[in-house]
Structure formats: C-alpha cells, structure tokens
Amino acid sequence: MADEDDIILNDLSDEELVQQMHDDLYDGMKEEIIEGTNILLARGWTPYDVLTQALVEGMRIVGIDFRDGILFVPEVLLSANAMKAGMFILRPLLIATGAPKQGKMVIGTVKGDIHDIGKNLVGMMMEGAGFDVIDLGINNPVENYLEAIEREKPDILGMSALLTTTMPYMKVVIDTMKEKGMRDDYIVLVGGAPLNEEFGKAVGADAYCRDAAVAVETAKDFIARKHNRLAGRA
Ligand code: B1M
C-alpha cells in the first residue's frame, strides 16, 4: 500500500485533493498544505473556495477530535500552523480585490484568549472588502482596545473569542466604552465559535457575526446606515 510519502498531490482529482488536505491539516503537514493550496489555485479555484472548503472545513474536523480528546494541544497547534501557512498564500489574493474603500476596523481577540485563526480570517476578508484593518492580535485587555480606537478612530471595533471563559470579557470592553461615553461612536461587532446572536445582544454589541462572510456583510450594512444617518443630518 502506498504510504503518505508516495501520494503525488497533483495527481489527485479536486475532490480527492481536498480530502487529502483535510487529512494533511489534521496531521499538521504544513508543506503539503502549502502545495495543496497552490495546486487548487492553479486549477482555477477561487481563494475563497480554497479557504472555506479545504482549510476551514479541515479545521472543523480537527475541532471535533480536539473536543473528543482524540487530538491534544500540541497536535492542534501543528494543524493551526499548517492552516496559517495556507492562509498566508491566500491572504494577498483575498485582499487584492480592488474593492472601494469602505471604512476602518480595529479587531482583536479578547484577554485570556490566544485563538487567532478566525480573527485573522475576518481581517483578511474585511480587507478584501475594502476596509482598513488594524489587528491588535490576541489576549487584549480593555486598555488595548480603548487605546487603539482612540488612536485609529475606526468605524468598527471587532472582538473575537473562542472560549466560553473569555467571551464574557467582551462585555467588560463594551461597558467600559459606555462608562467613557464613547460606546455610540463605534459600531461594535463580535464573533467566535461559542457566541450567538443572543449573546451579542446581551453584551451590548451591535451585531454578532457567525463567520467572516457575515462579518463583511454586517460591516457594510452598518457603514451604509452610518452614512445615511450622517447624510440625513447634513
Ligand atoms: Co482551542 N479550543 N484551546 N486551541 N481550539 C476550541 C475553541 C474548542 C472549542 C475545542 C473543543 O474543545 N472542541 C475549546 C473551547 C471550549 C469552550 O470554551 N467551550 C478549546 C479549548 C478548550 C482550548 C484550550 C483551553 C485547550 C487547553 O489548553 N486545554 C486552549 C486555550 C488557550 C487560550 O486561548 N487561552 C486552546 C488552545 C488552542 C490552540 C493553541 C492549540 C489552537 C489555537 C491556535 C491559534 O488560533 N493560533 C486551538 C484551536 C486551533 C482550536 C480549534 C480546534 C479551532 C479554532 C479555529 O481556528 N477554527 C477550536 C475548535 C472549534 O472552534 N470548533 C478550539 C477555525 C476558524 C476559521 O474558525 O475561530 O470559529 P473560528 O472563526 C470563525 C467564526 O467563529 C467567526 O468567523 C471566523 C471565520 O469564519 N469569527 C468572527 C471569529 N472571530 C470573529 C470576530 C468577528 C467576527 C466573526 O469580529 C467581528
């Protein structure tokens, strides 16, 4: 039987290759993910389809086995690194859409949380949709968000959380903005796997975004409303 080393990725059909990429992501095989990503692009796949069908879907499978105790942190870290290597190739392609400028977003993962793949993906898609994105990285205390919004004067503040233990921190940030009388100056969007719409409302965000595509649509929608409101005042 052929072992992993004998598989020539370019000989596989699209469907087989995507399946193989799920396996390679699971096994944290960075070089293979880079190769697979390049092959799909060369075959005319859109960057978005490569991202969602090969990478995000692969990471979803990793997440299931992580939850079930089949995979552990070191293995998942390798998967995350392989995923990031694929995203690194896709990033310039997703950004270079020539979309008209929409506005500015500051985004970061909240305090205590180091998950950044979803946040990075949202940032990439927002840039592709014409937003300037200031990425604060991971593990952000409220001070980081406040300092960044005061410095950057963005239209949108985005927060990401992947843990049930860190998602309540979004309320700390929003409540602090309220205390300082600056909450209504910004559109606040939140996202991350354990959140839902109800949670978004409960913490006082303007909207919860299920995924990166929804984040882009929601952001555009809120920016259009903001412009209409400002035009109405003029
Ligand atoms: Co973590 N982890 N992890 N982990 N990890 C989860 C989140 C978990 C659900 C796994 C599981 O048990 N099934 C679980 C959380 C359980 C819970 O809280 N209920 C978990 C755990 C427990 C942990 C640790 C505590 C494990 C441990 O140490 N024992 C630890 C915590 C570390 C910490 O943060 N303090 C930990 C560590 C890690 C790694 C470091 C190994 C690695 C992160 C690497 C990295 O990010 N650089 C990791 C990973 C990779 C995962 C899973 C497997 C995958 C997350 C991911 O990247 N998904 C994850 C399982 C899962 O989510 N099902 C899991 C792909 C990404 C594209 O999706 O991030 O959901 P996602 O982003 C989406 C949307 O959510 C949305 O759009 C994105 C794109 O479509 N979105 C936004 C996200 N942010 C947004 C912001 C927005 C809008 C939309 O702003 C406007």
Side-chain angles (χ1 to χ4, degrees), residues 22 25-26 28 30 33 48 50-88 90-91 94 103-129 131 133-141 145 154-170 173-174 186-197 199-200 203 205-223:
H22 294 167
L25 198 73
Y26 191 97
K30 186 173 157 185
I33 289 298
Y48 184 72
V50 180
L51 182 68
T52 50
Q53 294 180 38
L55 301 183
V56 175
E57 175 56 17
M59 190 50 97
R60 191 187 65 79
I61 298 164
V62 170
I64 294 170
D65 279 5
F66 190 24
R67 179 197 62 205
D68 294 345
I70 298 166
L71 288 176
F72 295 95
V73 169
E75 292 148 327
V76 177
L77 257 180
L78 289 178
S79 299
N81 284 341
M83 170 128 186
K84 284 186 172 186
M87 284 168 66
F88 184 77
L90 299 176
R91 185 171 188 270
L94 285 164
K104 198 191 248 191
M105 178 191 225
V106 162
I107 189 167
T109 303
V110 297
K111 186 176 170 184
D113 200 321
I114 63 166
H115 296 85
D116 65 354
I117 293 176
K119 165 190 67 63
N120 295 351
L121 217 147
V122 171
M124 275 159 51
M125 298 279 291
M126 291 289 291
E127 285 186 272
F131 287 87
V133 175
I134 315 298
D135 187 344
L136 304 181
I138 54 173
N139 192 22
N140 283 288
Y145 290 108
D155 303 284
I156 302 171
L157 171 64
M159 287 187 277
S160 179
L162 265 288
L163 300 172
T164 44
T165 49
T166 57
M167 63 188 209
Y169 196 76
M170 291 174 169
V173 177
I174 295 173
Y186 304 95
I187 299 158
V188 180
L189 304 181
V190 294
L195 280 61
N196 57 31
E197 211 156 325
F199 175 84
V203 296
D206 289 297
Y208 153 73
C209 308
R210 191 183 62 240
D211 58 29
V214 171
V216 166
E217 287 317 309
T218 309
K220 282 188 189 166
D221 188 37
F222 273 94
I223 291 287

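Counting starts at 1 for both ligands and their atoms, following the listed order.
For the pair Asp113 (side chain) and His115 (backbone), a donor-acceptor distance under 3.5 Å is present. Looking at His22, its side chain never comes within 3.5 Å of a backbone N or O of Val62 through a donor-acceptor pair. Of the possible polar contacts, one joining the Asn139 side chain to the Gly112 backbone as a donor-acceptor pair under 3.5 Å is found.
Contact analysis leaves Met125 out of contact with ligand 1, as no non-hydrogen atom separation drops below 4.0 angstrom. Proximity of Lys84 to ligand 1 is established by a heavy-atom distance of less than 4.0 Å.
Of the protein's non-hydrogen atoms, Arg67 CB, 2.9 Å is the one closest to atom 13 (N) of ligand 1. At the shortest separation from atom 46 (O) of ligand 1 among protein heavy atoms lies Asp116 N, 2.8 Å. Atom 5 (N) of ligand 1 has His115 NE2, 3.1 Å as its closest protein atom, hydrogens excluded (heavy atom only). When hydrogens are left out, the protein atom nearest atom 67 (C) of ligand 1 is Leu121 CD1, 3.6 Å; that is the closest non-hydrogen contact. The protein heavy-atom contact nearest to atom 50 (C) of ligand 1 is Val76 CG1, 3.5 Å. Scanning the protein for heavy atoms near atom 81 (N) of ligand 1, the closest one is Gly192 N, 3.5 Å. Protein heavy atom in closest approach to atom 90 (O) of ligand 1: Met159 O, 3.6 Å. Of all protein heavy atoms, the one closest to atom 63 (N) of ligand 1 is Gly63 CA, 4.3 Å.
Distance check on atom 39 (C) of ligand 1: every protein heavy atom falls at or beyond the 4.0 Å cut-off. The protein does not reach atom 16 (C) of ligand 1 closely, with no heavy atom under 4.0 angstrom from it. Within a 4.0 Å radius of atom 86 (C) of ligand 1, the protein contributes at least one heavy atom. At a distance under 4.0 Å, a protein heavy atom can be found next to atom 79 (C) of ligand 1. The presence of a protein heavy atom under 4.0 Å from atom 61 (C) of ligand 1 is ruled out. In this structure, atom 24 (C) of ligand 1 has no protein heavy-atom contact shorter than 4.0 Å.
Inclusion of Thr165 in the set of residues having an N or O under 3.5 Å from an N or O of ligand 1 is not warranted. Considering both main-chain and side-chain atoms, Ile107 never comes within under 3.5 Å of ligand 1 through any nitrogen or oxygen pair. Geometrically, ligand 1 and Phe66 share no nitrogen or oxygen pair separated by less than 3.5 Å. In terms of N/O distances under 3.5 Å, ligand 1 is approached by Ser160. Residue-to-ligand polar distances keep Val56 apart from ligand 1: every N/O pair is separated by 3.5 Å or more. Close N/O approach between Ile114 and ligand 1 is found [any backbone or side-chain N/O within under 3.5 Å].
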Pairs under 3.5 angstrom only: tabulate donor-acceptor contacts from the side chains of residues 73-87 to other protein residues two or more places apart or in another chain.
unit_1 : atom_1 : unit_2 : atom_2 : d
Glu75  : OE1    : Phe72  : N      : 2.6
Ser79  : OG     : Leu25  : O      : 2.8
Ser79  : OG     : Tyr26  : O      : 3.4
Ser79  : OG     : Glu75  : O      : 3.3
Lys84  : NZ     : Asp116 : OD1    : 2.9
Lys84  : NZ     : Asp116 : OD2    : 2.9

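By the 6.0 Å contact criterion, CD on Glu57 is enclosed, its count of non-hydrogen atoms from other residues, nucleotides or ligands being greater than 12. Heavy-atom contacts from other residues, nucleotides or ligands closer than 6.0 Å to NZ of Lys104 number more than 12.
Closest to atom 65 (C) of ligand 1 by heavy atom, among Met59, Met87, Glu57, is Met59. When the heavy-atom distances from atom 74 (C) of ligand 1 to Arg210, Arg60, Met170 are ranked, the shortest goes to Arg210. Taking only non-hydrogen atoms, the option from Asp68, Leu163, Leu162 nearest to atom 55 (C) of ligand 1 is Leu162. Here atom 66 (C) of ligand 1 lies nearest to Gly118 when heavy atoms of Pro194, Ala215, Gly118 are compared.
The distance from atom CD1 of Ile64 to atom CE of Met59, rounded to the nearest 0.5 Å, is 12.5 Å. Atom OG of Ser160 and atom CG of Asn120 lie 9.0 Å apart (nearest 0.5 Å). Here CD of Glu217 is found 4.5 Å from NZ of Lys220. Values are rounded to the nearest 0.5 Å. Residue Met105 holds its CE atom at 7.5 Å from CG of Leu157, rounded to the nearest 0.5 Å. Atom SG in Cys209 sits 10.0 Å away from atom CG in Leu195 (nearest 0.5 Å).
Close approach of ligand 1 to Asp113 (heavy-atom distance below 4.0 Å) involves ligand atoms 34 (O). For ligand 1 and Ala80, the ligand atoms under 4.0 Å from any heavy atom of the residue are 44 (C). Distances below 4.0 Å separate heavy atoms of Leu189 from the following atoms of ligand 1: 90 (O), 91 (C). Taking a cut-off of under 4.0 Å to the non-hydrogen atoms of Val73, the atoms of ligand 1 that pass are 26 (C), 27 (C), 28 (O), 41 (C). Near Asp211, meaning under 4.0 Å from one of its heavy atoms, ligand 1 places the atoms 76 (C), 77 (O), 80 (O). The Ile117 neighbourhood of ligand 1 comprises atoms 46 (O), 57 (O), with distances under 4.0 Å to a heavy atom of that residue. Near Gly191, the atoms of ligand 1 lying under 4.0 angstrom from a non-hydrogen atom of the residue are 81 (N), 82 (C), 83 (C), 84 (N), 85 (C), 86 (C), 87 (C), 88 (C), 89 (C), 90 (O).
Contact annotation: the side chain of Val106 never approaches that of Tyr186 to less than 4.5 Å [non-hydrogen atoms, C-beta and beyond]. With a 4.5 Å cut-off on side-chain heavy atoms, Leu121 and Leu55 do not count as touching.
The one candidate from Ile138, Leu162, Thr109 that meets the side chain to side chain contact (heavy atoms under 4.5 Å, CB included) condition with Ile114 is Ile138.
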Test side-chain contact (heavy atoms from CB on, under 4.5 Å) on Ile156 and Ile223; report intermediate values, then the result. CA-CA 9 Å; Ile156 302 171; Ile223 291 287; 4.3 Å; yes
Could you walk me through whether Asn140 and Lys111 satisfy the side-chain contact (heavy atoms from CB on, under 4.5 Å) test, starting with their C-alpha distance in whole Å, then the side-chain angles of each, then the deciding distance to 0.1 Å, before giving a yes or no? CA-CA 4 Å; Asn140 283 288; Lys111 186 176 170 184; 5.9 Å; no
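Nearest heavy atoms, Tyr145 versus Val173: CD1-CG2, 3.7 Å. Of all heavy-atom pairs between Pro194 and Thr164, the closest is CB-CG2, 4.1 Å.
Residue pairs meeting the salt bridge (charged side-chain N to carboxylate O under 4.0 Å, His left out) criterion with at least one member in residues 205-216, sequence neighbours excluded, are Arg183-Asp206.
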